[in-house]
Amino acid sequence: MSGERAGTLRPPPVEAEPAEPDPREPVNLLFRDLRTSPDGLAEREAGRRLTVHGPNTLARRGGRRWPGELAQQFTHPLAVLLALAAVLALVSGAPALAVAIAAVIVLNALLAFVQERQAEQAVEALADFLPEHATVVRGGVRREVPATDLVPGDILVVEEGDRVSADARLLSGGVEVDLSALTGESVPVFRSAETTDVAGPLLDARDLVFSGSACTGGQALAVVTATGMHTELGRIAALSQRTRREESPLERQVKRVARLIAVIAVGVGLAFLPMGLAAGLSLTAAVTFAVGLLVANVPEGLLPTITLALASGVRDLARRGAVVKRLSAVETLGSTTVVCTDKTGTLTENRMRVTTVWTPAGEAPADGTTAPGAELRDLAAAAAACTTADPDTAHGDPTELALLDLADRFGVPCPAGPRDSSRMALFRFDPRLKLMTTADRHGENVVLHTKGAPEEVLTHATTVFDRGARRPLTAADRTAVVHEIGRLAARGLRVLAVAVRPLRPGVPPPRRREDAEHDLCLLGLVAMADPPRPEVAGAITRAHRAGITVHVVTGDNGLTAAAVAEQVGIGHRGMRIVTGAELDSLGDDRLDVLLARGEEVVFARTSPEAKLRIADALRAEGNTVAMTGDGVNDAPALRRADIGVAMGRSGTEVARESATMVLTDDDFATIVAAVEEGRRTYDNIRKFIVYIFAHAVPEVVPFLVFALAGGAVPLPLTVMQILAVDLGTDTLPALALGRERAEPGLMDRPPRPRTEKVIRPAMLARAWGFLGLISAALVMGGYFLTLTAGGWHPGDPTGPGSPLHHLYQQATTVAWLGIVACQIGTAFAARTDRASLRSIGVFSNRQLLGGIAFSLAFAAVIVYVPALHRLFGTAALGPAQLAVLLPFPLVVWGADELRRAAVRRRAGAATVPAAVRPSAPAPAGEESGHHPLPVLLARHGWSAHRLIHALGVGEHAAADIVAHAQHIAAGHGRPPGEGGSPTLR
């Protein structure tokens with residue numbers, strides 16, 4: 001007594017402040033640990049605790065030093081290389097080109113910086129879930145305070161329309177709360193101070209409410225147990241912040257390319273110095289031409305071309321219903337090997353409709369082809385009475401709207417107004433109990449209507465309504481119902497059981513749901529379908545052809561999810577169901593074995609942590625993972641996956657902020673389309689890399705010829721001519737190649753490995769060793785042909801004032817125009833990697849035709865405008881000299897067309913991709929002989945005693961079912977060939 005009084009008068013020091021009391025302990029102990037009372041805290045104590053615990057906000061980890069991070073963007077290897085090109089352009093007397101290159105560097109740095117800031121936006125969106133004000137009781141007085149001032153121990157008032165400001169334990173009253181942002185459950189749940197849960201997941205506790213959830217009905221008082229980053233919402237925010245975005249494969253590869261180019265450029269430039277001096281050049285001439293070689297090897301247009309190609313891919317994806325927020329994600333999509341997808345709304349239409357009803361008299365269709373009997377009408381009327389949805393406004397749970405539609409079709413409509421006015425009590429759907437019950441006035445009497453998961457209704461039922469009368473529910477009846485449930489679920493239908501209990505005249509409705517949900521009379525089953533989207537099956541087939549594995553990660557029942565998955569084609573190499581409980585029991589090594597089997601898995605009843613763990617396991621195996629999600633709880637997994645895919649229609653703002661891609665139509669087929677677009681974009685990046693690299697050879701070879709000849713052959717190109725190619729005639733065709741249509745067979749090949757480099761040896765061989773050498777030979781041939789035709793001999797002077805100076809300028813112009821002409825042939829050749837040009841259409845890329853037209857116009861200006869002759873070292877050409885250049889494009893393209901035809905012949909007939917090969921037969925002994933529904937319930941943790949009571953299973957059979965379920969769970973992590981678990985369908 002005295003100790004308690006002393007504790008009240010003299011609070012303990014700050015370091016003795018209780019960290020996080022258990023919110024599920026008895027209320028009197030919770031009051032003691034929080035040192036509060038039903039009258040709330042005193043204002044002075046609340047202020048002290050605010051100092052100790054900090055404001056009720058979601059904090060960021062560390063400050064953002066944006067100037068330093070912006071400066072880091074300028075240290076990108078390609079940015080450094082571009083800076084070197086700018087310096088060389090300035091030294092070479094081209095300040096305008098130097099300014100243009102510098103502008104490209106700045107633009108790309110700002111773009112990358114803006115993209116990285118998206119990492120913080122998910123946490124900022126989480127903060128939006130917290131309200132500005134909250135109502136509390138302090139010192140016995142109810143008042144409104146800023147939500148940021150809430151502290152543990154405050155007495156919080158929760159009313160309809162409020163957004164809960166902190167995690168709290170209910171003290172009195174009951175509220176209906178929308179936890180979809182935290183749990184992903186679309187149906188509001190009821191929380192009451194009268195129910196107590198001391199075990200199980202914290203989010204399932206029926207006497208707790210959580211920060212960020214919305215109160216949709218009722219009123220209650222609660223004591224705040226956690227605020228700020230200590231709440232469940234804060235835990236998700238911290239997890240999201242710890243989940244950092246990694247560089248995409250393309251971002252890493254571009255850095256490698258930049259280093260490769262830098263090594264080549266610097267190496268060639270340095271090698272030229274001793275080579276030029278040995279050939280008899282002066283030191284000044286050797287240094288000058290070494291600078292020219294460096295400029296020739298620096299692809300000034302590469303980085304902006306990649307950026308703009310990715311940006312065009314983003315625009316194309318947006319038109320197809322996928323909004324991509326990070327440019328590099330377009331490339332990552334192309335390397336996707338695994339898609340983890342939700343079921344409802346992604347694979348299906350999220351539009352429920354009752355298709356089948358069952359009573360003890362038998363199964364009947366609900367399509368209106370037959371007139372319903374009295375029992376079917378009673379079943380439909382009872383199911384409709386146990387709803388809260390409004391059919392007139394179509395507002396409410398899709399399942400309940402489907403039940404109301406069934407009542408209309410069966411001739412027993414249930415308008416919302418009369419239904420609600422006759423309602424005397426409501427026990428809302430509880431996701432743990434999987435039941436909902438209403439007490440409704442029926443004439444002078446009260447009738448309880450219950451609907452929910454069939455196995456739960458069976459647990460609470462003792463009688464069955466059969467042929468107009470109630471009779472006891474026997475073990476044989478339970479067995480028959482279980483088999484019917486399993487049969488309907490195996491067809492992909494969602495099954496609900498409906499039961500009633502009329503109360504005796506004059507008996508008021510129960511005040512507690514425990515008093516209502518017992519001794520029920522089973523009326524029958526209602527089966528409804530959420531039909532698969534019609535386009536999903538084709539998308540799944542295309543994904544499999546492309547070598548992509550599709551796992552289903554859902555909170556739904558495993559049998560139903562597996563049936564839907566099978567309908568759309570998931571599980572072509574075998575499929576197994578793994579429940580949330582089984583996944584939790586698997587160690588990381590066993591999970592790796594499960595995922596490495598090659599089968600497609602339905603992860604049923606999964607938690608947010610499970611999604612994150614699945615993504616980690618898949619990425620650890622070298623997969624590129626796309627993960628779908630729509631709730632706040634999905635944010636960490638969306639950020640951890642290589643491609644986080646949020647639902648634009650049904651998803652929360654937090655999910656959309658955390659994701660890399662947002663689907664505007666919530667459709668799985670859009671994901672596959674995005675993968676195809678990613679592959680096309682990546683292929684196009686490779687195409688214009690081949691194009692850009694190919695003309696580096698005809699730019700370098702003239703300098704080598706000059707050096708090796710010791711000055712006897714005048715320099716065929718000038719530095720300004722090289723820059724005119726790299727930043728003039730080169731850029732638009734390269735950008736047009738970034739818009740090239742997909743090559744045939746794009747989605748019939750396996751995904752790229754994560755470790756595959758953007759530049760492959762075959763690309764360099766094609767660019768430098770084939771296209772480049774052919775172009776260099778043509779360019780030098782045109783150069784020497786022009787000189788010799790004008791009377792030049794090796795060693796003749798060609799400098800200013802010499803008789804051959806004009807001829808020399810014409811020859812360099814022919815060499816420069818020869819590079820431009822070869823670029824045209826290279827552009828057409830690079831449009832395909834293996835296929836013939838005819839397969840995609842010679843004139844199908846209008847942007848390329850426009851780019852070539854610009855290049856020709858740009859070249860004509862440089863050649864035929866006298867004012868530019870001195871700057872670029874060019875001269876006007878005659879018809880005969882231009883005629884020499886006309887065959888160049890055809891020669892380059894034709895040679896590569898013949899090379900590609902030879903490659904296709906060597907490849908031979910296309911082989912069947914591994915993704916669509918017939919699956920091996922299932923191992924012997926996989927089928928247990930037990931009905932799948934009891935086995936699945938046992939896998940979800942049902943005991944043998946509960947199976948016996950609810951389903952009428954025999955004692956020995958129940959024990960065998962539980963043992964078999966444990967065998968399945970143990971077998972999930974067992975390597976193939978060592979007694980793996982059964983596949984449940």
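Since the structure is predicted, the reported quantities are computational estimates derived from the model, not experimental observations. Heavy atoms only: backbone and side chains are in, while hydrogens, waters and symmetry mates are out.
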**Q.** Minimum heavy-atom distance between M528 and A402, given as atom pair plus value
**A.** SD-CB, 4.2 Å

Q: Give a yes or no on whether the backbone of E349 and the side-chain of D530 come within a donor-acceptor separation of less than 3.5 Å.
A: yes

Q. Hey, does the side chain of R619 reach the backbone of A641 with a donor-acceptor pair shorter than 3.5 angstrom?
A. no

Q) Can you tell me how far the OG1 atom of T355 sits from the CZ atom of R494, to the nearest 0.5 Å? A) 13.0 Å

Q.
If you compare all heavy atoms of T348 against all heavy atoms of R533, which two are closest, and at what distance to 0.1 Å?
A. O-NE, 3.3 Å

Q: Answer yes or no: is there a side-chain heavy-atom contact under 4.5 Å between L746 and R749?
A: yes

Q: Report yes if some heavy atom in the side chain of E566 is under 4.5 Å from a heavy atom in the side chain of V602; otherwise report no.
A: no

Q. Taking it one step at a time, do L496 and L403 satisfy side chain to side chain contact (heavy atoms under 4.5 Å, CB included)?
A. CA-CA 10 Å; L496 293 178; L403 295 176; 4.3 Å; yes

Q.
If you define the side chain from C-beta out and look only at heavy atoms, does anything of F668 sit under 4.5 Å from I540?
A. yes

(Q) Let me confirm one number: the CD-CG distance from E621 to L595, rounded to the nearest 0.5 Å. (A) 7.5 Å

Q) So, for L435 and G452, which heavy atoms are closest and what is the spacing to 0.1 Å? A) CD2-CA, 4.2 Å

Q) Taking all atoms of both residues into account, what is the closest heavy-atom pair of V354 and A366, and its distance? A) O-CB, 3.8 Å

Q. With a 3.5 Å cut-off and no angle check, do the side chains of D342 and T628 form a donor-acceptor pair?
A. no

Q.
If the threshold is 4.0 Å, N to carboxylate O, is there a salt bridge linking R487 and E484?
A. yes

Q) Checking side chain to side chain contact (heavy atoms under 4.5 Å, CB included) for the pair H551/V578: CA distance, chi angles, key distance, verdict? A) CA-CA 11 Å; H551 298 306; V578 177; over 6 Å; no

Q. Can you find a pair of side-chain heavy atoms, one from R739 and one from N684, that are under 4.5 Å apart?
A. no

Q: Could you check if a side-chain atom of R428 sits within less than 4.5 angstrom of a side-chain atom of T388, using non-hydrogen atoms only?
A: yes

**Q.** Heavy-atom pair of closest approach, residues A546 and P751
**A.** O-CD, 3.1 Å

(Q) I'd like to know whether L202 forms a side chain to side chain contact (heavy atoms under 4.5 Å, CB included) with F210, so could you lay out the CA-CA distance, the side-chain angles of the two residues, the decisive distance to 0.1 Å, and finally the verdict. (A) CA-CA 10 Å; L202 198 66; F210 299 95; 4.2 Å; yes

**Q.** Euclidean distance, R590 CZ relative to D592 CG, rounded to 0.5 Å
**A.** 12.0 Å

Q) So do the side chains of L618 and M627 get within less than 4.5 Å of each other, counting heavy atoms only? A) no

Q: Give a yes or no on whether the backbone of L583 and the side-chain of R613 come within a donor-acceptor separation of less than 3.5 Å.
A: yes

Q.
Would the distance check show the side chain of N623 and the main-chain N or O of V625 forming a donor-acceptor pair, the cut-off being under 3.5 Å?
A. no

Q | Side-chain (T664) to main-chain (G321) donor-acceptor, under 3.5 angstrom | A | yes

Q: Show the numbers, then the answer: is there a salt bridge (charged side-chain N to carboxylate O under 4.0 Å, His left out) between E676 and R679?
A: CA-CA 5 Å; E676 181 178 14; R679 289 190 176 191; over 6 Å; no

Q: Would you indicate whether the side-chain heavy atoms of C340 and I614 approach each other to under 4.5 Å?
A: yes

Q: Just do the side-chain hydrogen bond (donor to acceptor under 3.5 Å, both in side chains) check on T624 and D642 with the steps written out, would you?
A: CA-CA 6 Å; T624 301; D642 298 283; 4.8 Å; no

**Q.** Euclidean distance, F603 CZ relative to I577 CD1, rounded to 0.5 Å
**A.** 12.0 Å

**Q.** Charged N-O contact under 4.0 Å between K451 and E400
**A.** yes

Q: With the side chain counted from C-beta on, respond yes when I671 and L333 share a heavy-atom pair under 4.5 Å apart, and no when they do not.
A: no

Q | Nearest-0.5 Å distance, CG of residue L347 to CG of residue D666 | A | 12.0 Å

(Q) For the backbone of G212 and the side chain of R163, can you confirm whether one donor and one acceptor N or O come within less than 3.5 Å of each other? (A) yes

**Q.** side chain to side chain contact (heavy atoms under 4.5 Å, CB included) between T332 and T660, intermediate numbers included
**A.** CA-CA 10 Å; T332 309; T660 311; over 6 Å; no

Q: Check the pair T670, D665 against side-chain hydrogen bond (donor to acceptor under 3.5 Å, both in side chains), reporting the backbone distance first and the verdict last.
A: CA-CA 8 Å; T670 304; D665 52 7; 2.8 Å; yes

Q.
Please find the pair of heavy atoms, one from P398 and one from M352, that lie closest to each other, and give the distance.
A. O-CB, 3.7 Å

**Q.** Carboxylate-amine/guanidinium contact R640 D616, below 4.0 Å
**A.** yes

**Q.** Separation of H544 NE2 from E600 CD (nearest 0.5 Å)
**A.** 3.5 Å

